[in-house]
Each structure stands twice: as C-alpha cells, then as structure tokens.
Amino acid sequence: MINSRIILHLDLDAFYASVEEREHPEFKDKPVIVGADPKNGQGRGVVATCNYLAREFGVRSAMPISKAWKLCPQGIYVRPNFELYARISHDIMSIIRKYSDKFEQVSIDEAFLDVTNKIKDYEEAEKLAERIKKEILNKEKVTCSVGIGSNKLIAKLASDYKKPYGTTVVKPEDVKRFLDPLPARKLIGIGPKTEAVLKEMKIETVSQLAKAGVKTLVDAFGVFGYRMHEMTLGIDESEVTEEYEIKSIGRETTFEEDIDNPGIVFNAINELVDEFHDELIASDIQFRTVSIKIRYENFETHTHAKTFEFYTNDKKIIKDTARELTQPFLNIGRKIRLIGVRMSGLKFGEKQKTLLDIRKSNHTLLP
Ligand code: DCP
Ligand code: MG
C-alpha cells in the first residue's frame, strides 16, 4: 500500500558555508558568507549561502552581497569553490545511498531515501537517521538535518523543521498537527508570487489554506490549486526515483557596473559559453534549447529561449543563438546588470553516465 512507506529526506546544513568552515578551522565561531566579492559594500553579486551565525544578522541566500555587507560587515566573505562542493557532495551521497532501497538525489545537498523495506517502524527510522548524521559528521565534517515521513512531501518539510543538525519524525497520525501551523509558502511550488496572492486572500498558514477549500483554490490557481489542497492534507504519492538528471547547464554573471555597450555584453556571453562548453563536451551532453537571461539596472529580468529541431553541442551555435536572443534587449536606452546563458532540453551520451554524479547541482552557479 502506497501510504505505508517510510521516507527520509536529508539536507545538508548551510552546505557551502559548512564546507568552508571545515576547510578553514580559523573561521570557527565567525559569521561566514559564501558568494560574490563584497568589495567593501560596493560588490554587485549575491550571497550563495551563509552559516547559521551569519543568519542571525539577517543574511540569507540570494540576497545582494552589498546588503549582506551592511548587515554583517564583520563577516568572513568567501568566493565559492564549486569543484570542492561537488566532490564533497558526491562523497556524502555515496555514504547515504547504501542505507536505502531507493535513493534520489534532488540537488547538490539533498536526497530522499526510501527505507520502507530496510526498517520496521518510525523508531528504527529515527535511529537510522541519527546513525547517518553521525557518519556524515565523522567522515565529512559537515552536519545535516533529516526529516522522516510517509511520503516525500512530509519528509522534506520535516528536514527543514529543526535545522541545523535536527531530526524530525512525522508519523502518519501526526501529519495534520505538523502541517497546520506551517507557513503556506513552505509547501512545494508556492513561491513569492503565489505567496503574495495567498496573502491577499488572507491565507498565511497551511491550516488557513486547508480551510479555503479546493474550489476557491482551483478558481484562483487552476490545477495547482488542486495540488495545494492535496498538500494541505499531506498527500504526496510521488515515488523516490533513482535517476536524477540535470535539466540544464549554464552560467550567469553580474557586471561590475551597469552596461549599455552591446560589445561588452556579447563578450561576456562568449566568456560564459567558453567557461561551460568544455563541461558539455567532457560530459557528452547535447542540447536542443538555448536561453538567455538579462537583468536591467532596475532588476527587471527577462528570459528568452530558442529551441532547435536537432540536438547539438556546437559552441558556435550557442554563441550565435545567445547573441541573437539578446539583441532585442539591447540599445533601448536601458543599462544591463546581469547576463546569463543556459542550455536545456539535454540529451546525455554514454560517457555522461559516469560523470553524472559530480554535477548534480540545480543551483545557479555564480561567476
Ligand atoms: N545555493 C545557492 N543559491 C541559492 C540557494 C542555494 O547557490 N539561492 C547553494 C548554496 C547552498 C546550497 O546551494 O549551500 C544548498 O542550498 P540549501 O537551500 O539547502 O541551503 P543551505 O544548505 O546553504 O542551508 P540550509 O541549512 O538552510 O539547508
Ligand atoms: Mg541545505
């Protein structure tokens, strides 16, 4: 029966920052912020993540680095070392994979484990979680939090409940009590835009969302309204699936100062493509879609994509297409802050299988 499963969700705590702390014992007990160069408050990129001490100052992922600097000038600011994070992620995933029947890595620092056939009840699941947490801490010197529930939705919400180094068990009979007080935005797929609409409907918690009823939600959000209603009941039948595939590969860069010279934008595109093209070739990946992202000085952001009828890995095609897609956004009297290029519609060759493990991040890579 599908609802008698036991699923663990594991998420590493402040992952990039934890790795930096482990590599630099002198960072101990200091706020650590991983991201763009803050340049004494003039830096223009964003925070990738920060440790829990830095979070006490209000610093958060995706915040402009200049804002982080204002909140926490005494912090230690570190540029990201993606190769290192990918390697450690790979080592940790190899440790935890063996504890499950079915294993699904979801991003560089989180994974689901279906342990239904490995253990007999929630007490044993909790012991297993403690054992996994200790093994990761001993071997890799970073901490993680674990959520345990009867499906992926509950397990994921539970792992987020007591961070860092927490374990949260939500048995089927406790699901309603667990979900009701949570902010609605914690539910999967509810981002800032949906959150704002819900707020206007006077809905902030899962329990208020549940009370709104399926009809109101479907009227407001279409099919997703139906899914929201299911989530308020803790329903999620999705399986833990072995295969994890990266959906896209790309890079973006924030300019040192806002740019209105198309030549500089095109040069940046060329550089970004040069940076990740080797990766496509080495990993034997082809693509069908090229997209660009462009952000104006006022943070207004556009994306634009082109899909081919064929797969390719040709560098010139990427560059030419990115240029063509960017053209309409230039020379319109507005300055540009950020440019990004991304490939999607990917097809993986044979060689790629062996490399997949080390490149499992869905996150945007900082320049
Ligand atoms: N990341 C990023 N940009 C973001 C969010 C995350 O580059 N906007 C990177 C840095 C994080 C890693 O992905 O370390 C994992 O993301 P999480 O959302 O799990 O955040 P953390 O692991 O840093 O913190 P937490 O303890 O809340 O899980
Ligand atoms: Mg994490």
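We count residues from 1, following the sequence as given. Indexing begins at 1, ligand by ligand and atom by atom, following the structure's order. The basis for the numbers below is simple: all heavy atoms, side chains too, and nothing from hydrogens, waters or symmetry mates.
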Do [Y] and [X] meet the salt-bridge criterion of a basic N to acidic O distance under 4.0 Å?
| X | Y | result |
| --- | --- | --- |
| Glu300 | Arg295 | no |
| Lys156 | Asp160 | no |
| Asp37 | Arg44 | no |

[X] N/O under 3.5 Å from ligand 1 N/O:
| X | value |
| --- | --- |
| Phe15 | yes |
| Ala17 | no |
| Ser61 | no |

Open item on the list: Check for me whether the distance between the ring centres of Phe178 and Tyr161 falls short of 6.0 Å.
Closed with: yes
Open item on the list: Could you go through Thr116 and Asp114, starting from their C-alpha distance and side-chain angles, then the distance that decides it, and tell me whether this counts as side-chain hydrogen bond (donor to acceptor under 3.5 Å, both in side chains)?
Closed with: CA-CA 6 Å; Thr116 311; Asp114 187 327; 2.5 Å; yes
Open item on the list: Can you tell me if Ala14 contacts ligand 1 (heavy atom of the residue under 4.0 Å from the ligand)?
Closed with: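 Yes, Ala14 has heavy atoms under 4.0 Å from ligand 1.
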Open item on the list: Please confirm whether Tyr85 approaches ligand 1 to less than 4.0 Å, judged on its heavy atoms.
Closed with: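 Checking ligand 1 against Tyr85, which is what was asked, there is no heavy-atom contact under 4.0 Å.
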Open item on the list: Test of understanding: given a 4.0 Å heavy-atom threshold, classify the contact between Val34 and ligand 1 as side chain, backbone, both, or neither.
Closed with: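 No part of Val34 is near ligand 1 at this cut-off.
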- [ ] Just go through Arg55, Lys163, Met63 and tell me whose heavy atom is the nearest to atom 24 (O) of ligand 1.
- [x] Arg55
- [ ] Could you name the option among Asp160, Val19, Asp109 that has the heavy atom nearest to atom 19 (O) of ligand 1?
- [x]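 Nearest option to atom 19 (O) of ligand 1, by heavy atoms: Asp109.
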TODO: Quick one: sort the Tyr296 and Phe329 rings into parallel, tilted or perpendicular, breaks at 30° and 60°.
DONE: tilted
Open item on the list: Quick check on side chain to side chain donor-acceptor pair (under 3.5 Å): which of His9, Glu239, Glu237, Glu104 does Lys152 satisfy it with?
Closed with: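 Exactly one pass, corresponding to Glu104.
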Task: Candidate list Lys162, Glu126, Glu130, test side chain to side chain donor-acceptor pair (under 3.5 Å), partner Thr167, passing option - done: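 Exactly one option meets the side chain to side chain donor-acceptor pair (under 3.5 Å) with Thr167, and it is Glu130.
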Task: Atoms in ligand 1 with a heavy atom of Tyr52 nearer than 4.0 Å - done: 25 (P), 26 (O), 27 (O)
- [ ] For Asp11, counting its heavy atoms only, list the atoms of ligand 1 lying under 4.0 Å from any of them.
- [x]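 In order of numbering, the contacting atoms are 19 (O), 28 (O).
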Task: Ring-face cation contact, Tyr52 with Lys163, 6.0 Å cut, 45° max - done: no
Task: Criterion side-chain contact (heavy atoms from CB on, under 4.5 Å) against Leu338, the qualifying member of Thr301, Thr254, Val46, Ile294 - done: Thr254
Task: In the protein, N/O/S atoms that are found under 2.8 Å from the Mg ion (ligand 2), waters not counted - done: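 Metal shell, protein only: Asp11 OD1, Leu12 O, Asp109 OD2.
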Task: Whether over 12 other heavy atoms sit under 6.0 Å from Phe224 CZ - done: yes
